[in-house]
Amino acid sequence: MINLEEIKEQEIDLDKVYDYAEFPDKVSGRCDNCNSAYFKSFVKGGVFLRECRQCGMKESI
């Protein structure tokens, strides 16, 4: 299991869906990768996802 300190030091993998419970936002309501506040939300496979409109980082909420 990767802890929050390790994810901050690593480059964020945009193909992976991160779990919000394990990796909450560094700044509330902002993308951890590009600091954008613009997201699109959708349900895929019964999971609510949030995707950054600028860089494409995905989180399950």
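Quick note: residue numbers are just sequence positions, from 1. From a predicted model like this one, the values you see are computed outputs, not experimental measurements.
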Quick check: closest heavy atoms across [X] and [Y], and the distance to 0.1 Å?
X   : Y   : answer
G29 : F39 : O-CE1, 3.4 Å
V47 : S60 : CG1-CB, 3.6 Å
Y18 : D13 : OH-N, 3.0 Å

Point-to-point distance, once rounded to the nearest 0.5 Å, from [atom1] of [X] to [atom2] of [Y]:
X   : Y   : atom1 : atom2 : result
D15 : M57 : CG    : CE    : 12.5 Å
Q54 : C31 : CD    : SG    : 8.0 Å
K58 : L49 : NZ    : CG    : 8.5 Å

Self-check item: Sub-4.5 Å side-chain heavy-atom contact between E51 and F42
Solution: yes

Quiz item: Do C34 and C52 touch side chain to side chain, with heavy atoms closer than 4.5 Å?
Solution: yes

Quiz prompt | Results of side-chain contact (heavy atoms from CB on, under 4.5 Å) for D25 - residues two or more places apart only | solution = Y20, D32, R50, E59

Quiz item: Under the salt bridge (Lys or Arg N to Asp or Glu O under 4.0 Å) test, which residues partner D19, sequence neighbours left out?
Solution: none

Practice problem: Flag yes if more than 12 heavy atoms outside Y38 fall under 6.0 Å of its OH atom; otherwise flag no. | Solution: no

